Engineer: 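Right, I'll just put the structure down here and ask away after.
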Amino acid sequence: MENFNKFNLMKMYFCVFRKLSTAFFAVVAIAMTVCSCHSYSSEEGRVAETAEDFGNHLFNYELKDAAAIATDDSRKWIELLASNVDDATVELIRNQDEAATVSIGNITMSTDTTAIVEMTANNFVWANAIDDAPEVVDGMKFTLGMVKRNQKWLVRMDNLLQSGK
């Protein structure tokens, strides 16, 4: 009878050891998965933060601040936008109760130094054509090109932002 108890006790220890080993390896596997995604997620987060800052500055007509987080060759497009702001647009911006906001959608990391960002702008002043009166618009979608230069993400504009509605 004594051998039987020792056998059951060993069997019980083995069972506990097997369960603990399985749990340990599961935790290690999950931790490795989270850590392997961390560098991509943090880089994607930096892209999103820069794009959101740029969008908030641009759509609130804080154009100097927007130009500061854009590439040098993008500055001409921001200057073009600034030169086309008329009195009606300025008046509408001044009378807004709430500032324009942006939300970041999909981010596609093309390479380590380039990305494409989908952004939705809300509550911003927009005129479709030069003869149209400006109006406050919600929910327009835009696509931004992003480049990494000197360890810093910047917006790269090839032309004025165009809505994908």
Side-chain angles (χ1 to χ4, degrees), residues 26-165:
V27 168
V28 168
I30 290 170
M32 288 176 62
T33 302
V34 168
C35 289
S36 68
C37 293
H38 181 70
S39 64
Y40 180 75
S41 296
S42 65
E43 196 66 23
E44 194 174 68
R46 285 191 279 275
V47 169
E49 184 179 330
T50 301
E52 185 175 8
D53 286 347
F54 177 81
N56 282 325
H57 289 308
L58 187 74
F59 290 110
N60 285 299
Y61 289 87
E62 299 163 349
L63 302 179
K64 285 184 182 179
D65 294 329
I69 49 180
T71 60
D72 290 339
D73 54 330
S74 300
R75 187 174 180 90
K76 65 184 174 194
W77 298 111
I78 297 170
E79 288 173 351
L80 179 62
L81 177 65
S83 69
N84 287 310
V85 175
D86 61 1
D87 291 336
T89 303
V90 171
E91 190 64 30
L92 192 55
I93 293 167
R94 283 186 182 157
N95 291 330
Q96 276 187 287
D97 292 334
E98 295 180 30
T101 58
V102 296
S103 58
I104 303 302
N106 291 334
I107 297 174
T108 304
M109 302 293 291
S110 307
T111 67
D112 291 346
T113 59
T114 59
I116 303 294
V117 177
E118 293 177 10
M119 174 176 61
T120 302
N122 296 296
N123 197 43
F124 69 99
V125 176
W126 180 265
N128 284 331
I130 204 160
D131 295 332
D132 291 348
E135 60 183 356
V136 177
V137 178
D138 269 334
M140 249 185 192
K141 293 183 186 250
F142 299 91
T143 302
L144 294 177
M146 306 284 293
V147 295
K148 188 175 186 181
R149 294 193 178 148
N150 298 324
Q151 302 303 314
K152 184 178 176 185
W153 283 99
L154 301 170
V155 173
R156 183 171 186 275
M157 297 173 67
D158 292 327
N159 53 27
L160 287 175
L161 290 180
Q162 297 176 5
S163 171
K165 293 194 181 188

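This one's a predicted model, so the numbers in the text were calculated from it and none came from an experiment. Side chains included, hydrogens not; waters and symmetry mates left out as well; all remaining heavy atoms used. The chain is numbered in sequence order, starting from 1.
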Engineer: Could you tell me which non-hydrogen atom of Ile78 sits nearest to which non-hydrogen atom of Ala70, and how far apart they are?
Structural biologist: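 Ile78 and Ala70 have their closest heavy atoms at CD1-CB, 4.1 Å.
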
Engineer: Heavy atoms only: give me the nearest Val102-Gly55 pair and the separation to one decimal.
Structural biologist: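 Nearest heavy atoms, Val102 then Gly55: CG1-C, 3.8 Å.
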
Engineer: When rounded to the nearest 0.5 angstrom, what is the spacing between OG1 in Thr50 and CG in Leu154?
Structural biologist: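 Thr50 OG1 to Leu154 CG: 7.5 Å, rounded to 0.5 Å.
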
Engineer: Where is the tightest heavy-atom contact between Ala115 and Val47, given as atom of each residue plus distance?
Structural biologist: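 That would be CB-CG1, 4.1 Å.
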
Engineer: Would you call Val155 and Thr71 a side-chain contact if the rule is heavy atoms closer than 4.5 Å?
Structural biologist: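 No, side chains not in contact.
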
Engineer: Write down the atom of Ala48, the atom of Ile104, and the distance for their closest heavy-atom approach.
Structural biologist: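 Smallest interatomic distance, heavy atoms only, reads O-CG1, 3.8 Å.
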
Engineer: Between the main-chain N or O of Thr113 and the side-chain N or O of Thr111, is there a donor-acceptor pair closer than 3.5 Å?
Structural biologist: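 Yes: the side chain of Thr111 pairs with the backbone of Thr113.
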
Engineer: If we only count heavy atoms from C-beta on, is the Val117 to Thr143 side-chain gap below 4.5 Å?
Structural biologist: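 Counting from C-beta outward, Val117 and Thr143 never come under 4.5 Å.
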
Engineer: Search all heavy atoms of Tyr61 against all heavy atoms of Val85 and return the closest pair with its distance.
Structural biologist: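 Minimum heavy-atom separation between Tyr61 and Val85: CE2-CG2, 3.7 Å.
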
Engineer: State the CD1-CZ distance between Ile69 and Phe54, to the nearest 0.5 angstrom.
Structural biologist: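 Ile69 CD1 to Phe54 CZ: 7.0 Å, rounded to 0.5 Å.
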
Engineer: Do the side chains of Leu63 and Leu81 get nearer than 4.5 Å, heavy atoms only?
Structural biologist: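 Yes, their side chains come closer than 4.5 Å.
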
Engineer: In terms of ring plane angle, is the pair Phe124 and Phe142 parallel, tilted or perpendicular, where the classes change at 30° and 60°?
Structural biologist: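 If you compare the ring of Phe124 with that of Phe142, the planes turn out perpendicular.
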
Engineer: Return yes if a side-chain donor-acceptor contact under 3.5 Å exists between Trp153 and Glu43, otherwise no.
Structural biologist: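 Side-chain D/A pair, Trp153 to Glu43: present.
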
Engineer: May I ask you to decide whether Lys148 forms a salt bridge with Asp112, counting only side-chain N to carboxylate O separations under 4.0 Å?
Structural biologist: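 Salt bridge between Lys148 and Asp112, a charged N being under 4.0 Å from a carboxylate O: no.
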
Engineer: Do Ile107 and Ile116 make a side-chain contact, defined as non-hydrogen atoms from C-beta onward lying under 4.5 Å apart?
Structural biologist: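 SC-SC contact between Ile107 and Ile116 ruled out.
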
Engineer: Using the side-chain contact (heavy atoms from CB on, under 4.5 Å) rule, take Leu92 and Val136 through it: C-alpha gap first, then chi angles, then the decisive distance, then the call.
Structural biologist: CA-CA 8 Å; Leu92 192 55; Val136 177; 4.1 Å; yes

Engineer: Looking only at heavy atoms, which two atoms of Thr89 and Pro134 are closest? And how far apart?
Structural biologist: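 Closest approach of Thr89 to Pro134: OG1-CG, 3.6 Å.
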
Engineer: Once you round to the nearest 0.5 Å, how far does CD of Glu44 lie from CD of Glu49?
Structural biologist: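 Reported value, rounded in 0.5 Å steps: 13.0 Å.
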
Engineer: Verify side-chain contact (heavy atoms from CB on, under 4.5 Å) between Met119 and Phe59, making sure each step is shown before the conclusion.
Structural biologist: CA-CA 12 Å; Met119 174 176 61; Phe59 290 110; 3.8 Å; yes

Engineer: Is the closest side-chain heavy-atom distance between Trp126 and Met140 below 4.5 Å?
Structural biologist: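 A side-chain contact exists here, since the closest heavy-atom pair is under 4.5 Å.
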
Engineer: Could you walk me through whether Asn123 and Gln96 pass the side-chain contact (heavy atoms from CB on, under 4.5 Å) test, one step at a time?
Structural biologist: CA-CA 9 Å; Asn123 197 43; Gln96 276 187 287; 3.7 Å; yes

Engineer: To the nearest 0.5 Å, what is the distance between CG (Asn60) and CD1 (Ile93)?
Structural biologist: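 Those atoms lie 8.5 Å apart.
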
Engineer: Drop me the distance from Asp72's CG to Arg156's CZ, to the nearest 0.5 angstrom.
Structural biologist: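 Here the interatomic distance stands at 11.5 Å.
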
Engineer: Under the criterion salt bridge (charged side-chain N to carboxylate O under 4.0 Å, His left out), I'd like the reasoning laid out for Asp73 against Arg75: C-alpha separation, chi angles, the key distance, then a yes or no.
Structural biologist: CA-CA 5 Å; Asp73 54 330; Arg75 187 174 180 90; over 6 Å; no

